[in-house]
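Encoded as structure tokens, the structure appears first; notes follow it.
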2 protein chains.
Amino acid sequence: MANVARYDREEVVRKAMLLFWEKGFNGTSTRDLQRTIDMRPGSIYAAFGNKEKLYGEALECYSQEMSGILARHIAEQGSPLAGLEMFFRNVVIDRRESNPSEVCMLIKTLSEVNEQQSELLELSRELLKRAEIRFTGILQQARDQGEIAATANPVVLARHLQVQMIGLRLYMKTSGKPEAVRELITNLFKSIAVK
Amino acid sequence: MANVARYDREEVVRKAMLLFWEKGFNGTSTRDLQRTIDMRPGSIYAAFGNKEKLYGEALECYSQEMSGILARHIAEQGSPLAGLEMFFRNVVIDRRESNPSEVCMLIKTLSEVNEQQSELLELSRELLKRAEIRFTGILQQARDQGEIAATANPVVLARHLQVQMIGLRLYMKTSGKPEAVRELITNLFKSIAVK
DNA sequence: TAATAACTTGAACTGTCGTTCAAGATCAAA
DNA sequence: TTTGATCTTGAACGACAGTTCAAGTTATTA
């Protein structure tokens, strides 16, 4: 064939994701990117097309990581509802300082990007929708196992959880009060659990 | 003394606010601003210092507007809790298309801005804190009037409302489902009201 | 009416942006 | 060992960013 790429695409996308997550789309310059992923402009544009498409791949990478974290918590707890609660605590409170940003990358994108990057807007909507569907499935399991009321509606509850996840992470960044947020999460799951 | 400014400062800041709210800090160029507020660079920099300071004034203008809207709803409803609920419906659902953005401008700032504009970060934190204190006061009134349980904690409840307001507005933009969001708001206020 | 302080104008500066592309390097196949 | 397709390099492009400032305009004061 010919010369073969000298970079690991997954690794590169992950590094780009961390930078984009921290600085946002407009806040990240292509020169920032070049340094971070250690590639020259020509290679980047040959591999990814442009900045927007690379950001798109970074968004998908972010989604996969979050999805993996959720799966791990559910497996560890051996219970859908307890797994969800641990996931909330972990993402909103514990990881807030080691992560590039306290805010969900999908939400950052949704609130930053305008109509000129409508593909990114649609992609973040799509990925958030998938997360909600994921929540719905987990809540159905919780209902089947009697962890939440048999009359509860998993679809409505999943929407509720999405609102909480979005709101809590931003409130964490706003207030800087982990104890207050911990209390809010506890109350949230108390109000969901079967009484 | 001498020549007098030919622009109305309040009006100019309000126009700048609407543009910044729509496009964000990094997404708004000074030339965008020049066109929108109809001032030349020299005048802008003489009046406001720089882009960041103008953005700061825009943030305060935004806060005042939101605060006014809340006050009007409470006055109209003649009840703290009903006023709050109408405020939520109005801001999250009714005004979403006429506003420059569906997302709260303070939250947009908080999630976009980095350490290089730490003044703006601190300012949005401060203004969000004021909003929360405002909520606390209203909830205290609601408790005094027996609209919520006498055992309810207005401070914790105000935090809860902040999380909801942030989450609901972003979820509205994510999902594009006003009916689902309306249901979430109804549930929220049902869960708060005295049973 | 002349002087002067305040405000406005817009060209221009320096720096950085996203992106392109010709030239060089690399490796599998012939 | 030569060929040739593929990938890498980094200088360079035009556009636009935030900001400055000398020159011009305006209205008040003396």
Side-chain angles (χ1 to χ4, degrees), chain A residues 1-13 15-17 19-59 108-109 112-121 123, chain B residues 1-13 15-17 19-59 108-109 112-121 123:
Chain A
M1 296 288 143
N3 198 3
V4 76
R6 270 185 281 288
Y7 59 87
D8 177 339
R9 192 179 179 97
E10 268 194 42
E11 190 189 315
V12 159
V13 170
K15 282 183 184 168
M17 179 272 275
L19 185 67
F20 275 134
W21 187 7
E22 182 190 346
K23 305 205 168 188
F25 183 77
N26 290 317
T28 305
S29 75
T30 50
R31 271 158 254 261
D32 269 350
L33 276 170
Q34 288 162 36
R35 211 179 315 109
T36 302
I37 69 181
D38 191 28
M39 284 175 76
R40 262 41 64 195
S43 295
I44 298 178
Y45 280 78
F48 300 102
N50 58 27
K51 185 184 171 185
E52 194 176 337
K53 283 180 188 160
L54 175 52
Y55 191 96
E57 290 204 30
L59 274 183
K108 264 187 105 154
T109 309
E112 177 182 7
V113 151
N114 57 33
E115 325 307 328
Q116 285 167 18
Q117 293 102 21
S118 56
E119 284 182 32
L120 292 183
L121 226 159
L123 181 55
Chain B
M1 292 298 138
N3 198 4
V4 76
R6 272 186 279 289
Y7 60 87
D8 176 339
R9 193 180 179 95
E10 266 196 42
E11 190 188 314
V12 159
V13 170
K15 281 183 185 168
M17 180 272 276
L19 185 67
F20 275 134
W21 187 6
E22 182 190 346
K23 304 202 168 190
F25 182 77
N26 290 316
T28 305
S29 75
T30 49
R31 271 155 254 260
D32 268 352
L33 276 169
Q34 290 163 34
R35 211 179 313 110
T36 302
I37 68 180
D38 192 26
M39 285 176 74
R40 260 41 62 196
S43 296
I44 298 179
Y45 280 79
F48 299 103
N50 58 28
K51 185 185 170 186
E52 194 175 337
K53 284 179 186 160
L54 174 53
Y55 191 95
E57 291 204 30
L59 274 184
K108 262 186 107 155
T109 309
E112 176 183 7
V113 151
N114 57 32
E115 325 308 328
Q116 285 167 18
Q117 293 102 23
S118 56
E119 284 182 32
L120 292 183
L121 225 159
L123 181 57

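The analysis underlying the following values was restricted to heavy atoms, covering all of them including side chains, and did not include hydrogens, waters or symmetry mates. Not measured: the values here are computed from a predicted model. Naming convention: chains lettered A, B, ... in sequence-line order (proteins, then strands); numbering from 1 in each chain.
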Separation of atom CG in Leu33(B) from atom C1' in dT19(D), rounded to whole Å: 13 Å

What side-chain donor-acceptor pairs closer than 3.5 Å can you find for residues 20-27 of chain A, not counting sequence neighbours?
unit_1	atom_1	unit_2	atom_2	d
Trp21(A)	NE1	Val103(A)	O	2.7
Asn26(A)	ND2	Glu112(A)	OE2	3.1

Can you check the Lys51(A) NZ to dT20(C) C1' distance for me, whole Å? 17 Å

Nearest whole angstrom, please: distance from the P of dG18(D) to the CZ of Phe20(B). 9 Å

Rounded off to whole Å, could you give me the CZ-to-P distance for the Arg9(B) and dT8(C) pair? 11 Å

For Lys53(B) and dG18(D), what is the distance between atoms NZ and C1' respectively, to the nearest whole Å? 14 Å

Distance, rounded to the nearest Å, where Gln34(B) contributes CD and dA12(C) contributes C1': 13 Å

My understanding is that only residues two or more places apart in sequence, or in another chain, count here; which of them pass side chain to side chain donor-acceptor pair (under 3.5 Å) with Glu11(B)? Lys15(B)

Might you point out which heavy atoms bring Leu54(B) and Ala16(B) nearest each other, and give the distance in Å? CD1-CB, 4.1 Å

Rounded distance (Å) that lies between atom P of dG18(C) and atom OH of Tyr55(A): 13 Å

Considering just the side-chain nitrogens and oxygens of Arg31(A), establish if one lies under 4.0 Å of OP1 or OP2 belonging to dG18(C). no

Taking side chain to side chain donor-acceptor pair (under 3.5 Å) as the cut-off, I'd like each qualifying pair that reaches into residues 44-57 of chain B, sequence neighbours left out, listed once. Arg9(B)-Glu57(B), Tyr55(B)-Thr109(B)

Identify whether any heavy atom of Tyr7(B) sits under 4.0 Å from a base atom; if not, whether one sits that close to sugar-phosphate; answer base, sugar-phosphate or nothing. sugar-phosphate

Pull out every protein N or O sitting under 3.5 Å from an N or O of nucleotides 22-25 of chain D, one pair per line with the distance.
none

Begin with the C-alpha distance, continue with both residues' side-chain angles, and end with the deciding distance and a verdict on side-chain contact (heavy atoms from CB on, under 4.5 Å) for Thr30(A) and Gln34(A). CA-CA 6 Å; Thr30(A) 50; Gln34(A) 288 162 36; 4.1 Å; yes

Provide, to the nearest angstrom, the distance between the CD atom belonging to Gln116(A) and the P atom belonging to dC16(D). 12 Å

Among residues 22-29 of chain A, which contact DNA chain C at a heavy-atom distance under 4.0 Å? Thr28(A), Ser29(A)

Under a 4.0 Å heavy-atom cutoff, the residues of residues 38-47 of chain B touching DNA chain D are Pro41(B), Gly42(B), Tyr45(B)

Counting side-chain heavy atoms from CB outward, which of dG18(D), dC7(C), dG18(C) is closest to Ala5(B)? dC7(C)

Side-chain donor/acceptor pairs under 3.5 Å, residues 36-44 of chain B, sequence neighbours excluded:
unit_1	atom_1	unit_2	atom_2	d
Thr36(B)	OG1	Asp32(B)	O	2.9
Asp38(B)	OD1	Arg40(B)	NH1	3.3
Asp38(B)	OD1	Arg40(B)	NH2	3.1
Arg40(B)	NH2	Asp38(B)	O	3.3

Pairing residues for Phe48(B) by the ring-ring contact (aromatic ring centres under 6.0 Å, His included) criterion, not counting sequence neighbours: none

Applying side chain to side chain contact (heavy atoms under 4.5 Å, CB included), can you list everything that pairs with Leu121(A), at least two apart in sequence or on another chain? Leu110(A), Val113(A), Glu115(A), Arg125(A), Lys173(B)

